[in-house]
Amino acid sequence: MTLAKRALGGTGLLVSILGLGTVKLGRNLGVKYPSAFDIPSDKEARDLLAIASELGINLLDTAPAYGNSEQRLGELLQGQRERWLICTKVGEEFENGASRFDFSPGHTRASIERSLRRLRTDRLEIVLVHSDGNDLDIINRSGTLETLAELKEEGKILAFGMSTKTVEGGVLAARKSDCVMVTWNLEYDDDIPVIEFCREQGKGVLIKKALASGHAAKAGGQDPVGKSFSTIFSNPGVTSAVIGTINPAHLRDNVKIARNFTE
Ligand SMILES: NC(=O)c1ccc[n+]([C@@H]2O[C@H](COP(=O)([O-])OP(=O)(O)OC[C@H]3O[C@@H](n4cnc5c(N)ncnc54)[C@H](OP(=O)(O)O)[C@@H]3O)[C@@H](O)[C@H]2O)c1
């Protein structure tokens with residue numbers, strides 16, 4: 001059985017229901033995973049991407065705030081760019097161990113140009129605003145989504161949206177863009193109304209932290225990954241869940257479980 005793909009709202013992008021999150025390819029400081037880890041070597045990262053692609057994953061999620069994740073992907077994807085849909089972000093910078101945020105139109109444009117250079121590409125399939133939690137303020141006052149709409153017109157990005165932290169922000173972002181990224185896991189389901197709104201309006205939904213950043217599996221209990229995926233993928237409003245793993249065995253297990261969902 002192959003890994004199913006779903007349409008990202010009305011964007012024309014067909015996304016595998018599992019994406020690969022790449023925080024752990026570029027950053028191991030200031031993260032909230034249950035265990036410390038070493039950043040994978042180039043060989044390990046290359047092998048991980050090869051396994052993901054072979055298993056039918058076509059979505060990579062990165063961000064300027066994920067350490068050197070974008071630069072590493074730029075290098076690693078040489079010769080295989082066409083296989084992948086890249087999702088990156090704007091608004092959050094991680095420097096000297098701390099996050100800072102800039103949602104201004106000028107920074108947004110500069111960030112996109114930098115992502116294109118780092119990722120060694122001429123277009124970004126998906127760009128999300130990386131919220132600091134003040135979703136409504138960012139949407140209503142900063143002009144970030146409007147700048148991303150212009151960049152889409154210019155052909156530099158193919159779809160845009162926002163990774164939100166509030167229900168009101170998720171709904172408003174969905175109204176004004178192509179897609180949202182929201183949290184959904186066994187411990188947190190507050191964003192279900194956003195997913196429902198997106199389903200009604202034909203907008204794309206990417207799920208972050210589907211395994212509660214690894215705490216779901218560490219918490220024990222019967223089949224946490226199976227339970228998490230069955231909850232998430234049974235919802236037709238969900239396009240894809242971006243799972244962050246650097247462990248090939250986990251990657252294979254995750255795809256095996258996700259293959260139970262055929263559409
Ligand atoms: N936009 C935002 O604001 C935002 C915020 C957070 C995350 N994200 C995106 O969403 C992605 C996923 O979020 P996340 O990485 O925080 O959390 P997650 O996908 O819920 O969990 C990742 C953790 O789960 C572990 N894991 C994965 N598969 C497993 C399995 N089969 N069995 C046991 N453990 C397993 C991983 O460890 P191993 O490496 O050992 O497998 C990793 O530590 C990120 O990589 C990022 O791309 C976006």
Side-chain angles (χ1 to χ4, degrees), residues 6-11 13 15 17-19 21 23 32 59 61-66 85-92 99 101-105 108 111 124-149 151-152 157-213 215-216 228-229 231-244:
R6 292 181 182 176
L8 186 76
T11 64
L13 298 172
V15 182
I17 61 169
L18 271 191
V23 176
K32 293 177 182 157
L59 174 66
D61 182 67
T62 183
Y66 298 169
L85 304 176
I86 298 179
C87 175
T88 191
K89 314 208 179 62
V90 293
E92 180 175 357
S99 284
F101 295 87
D102 187 340
F103 301 104
S104 65
T108 301
S111 181
L124 301 164
E125 280 80 14
I126 308 167
V127 176
L128 304 175
V129 182
H130 215 157
S131 176
D132 61 359
N134 299 305
D135 295 346
L136 291 181
D137 220 41
I138 298 165
I139 298 168
N140 290 325
R141 293 173 203 271
S142 70
T144 328
L145 288 176
E146 289 76 4
T147 307
L148 291 178
L151 287 156
K152 183 176 167 182
I157 69 181
L158 304 189
F160 70 98
M162 182 155 172
S163 175
T164 54
K165 298 198 178 184
T166 62
V167 170
E168 300 73 23
V171 167
L172 188 59
R175 278 189 202 283
K176 290 175 171 263
S177 71
D178 301 308
C179 58
V180 293
M181 176 181 266
V182 295
T183 300
W184 192 9
N185 57 53
L186 296 175
E187 293 161 15
Y188 183 93
D189 64 6
D190 292 14
D191 287 329
I192 288 176
V194 181
I195 299 167
E196 192 50 30
F197 179 79
C198 288
R199 193 185 59 74
E200 286 164 12
Q201 302 292 318
K203 302 295 175 105
V205 174
L206 304 176
I207 302 295
K208 60 187 170 186
K209 305 183 192 177
L211 301 178
S213 297
H215 296 279
S228 305
F229 286 5
T231 307
I232 288 170
F233 295 129
S234 302
N235 187 314
V238 170
T239 312
S240 178
V242 172
I243 307 292

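Heads up: numbering here begins at 1 and tracks the sequence.
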Side chains of [X] and [Y]: do they bring a donor and an acceptor to under 3.5 Å?
| X | Y | answer |
| --- | --- | --- |
| D178 | T11 | no |
| K89 | S163 | no |
| K209 | Y188 | no |

State the [atom1]-[atom2] distance between [X] and [Y], to the nearest 0.5 angstrom.
| X | Y | atom1 | atom2 | result |
| --- | --- | --- | --- | --- |
| L158 | L13 | CG | CG | 6.0 Å |
| F233 | S228 | CZ | OG | 10.0 Å |
| S240 | L18 | OG | CG | 6.5 Å |
| I17 | F229 | CD1 | CZ | 8.5 Å |
| L128 | L206 | CG | CG | 6.5 Å |

Can you name the closest pair of heavy atoms from [X] and [Y] and give their distance?
| X | Y | result |
| --- | --- | --- |
| A241 | A210 | CB-CB, 4.3 Å |
| V242 | M181 | CG2-CE, 4.1 Å |
| G170 | T164 | CA-OG1, 3.6 Å |

Check your understanding: Hey, are the side chains of L172 and N140 touching, using non-hydrogen atoms and a 4.5 Å cut-off?
Key ->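 They are in contact (side-chain heavy atoms under 4.5 Å apart), so the answer is yes.
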
Review point. Between E125 (side chain) and I86 (backbone), is there a donor-acceptor pair under 3.5 Å?
Key: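 Side chain of E125 to backbone of I86, a donor-acceptor pair under 3.5 Å: yes, one is there.
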
Point to revise | N/O donor-acceptor pair under 3.5 Å between T239 side chain and V205 backbone | key: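 Pair found, side chain donor or acceptor close to backbone of V205.
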
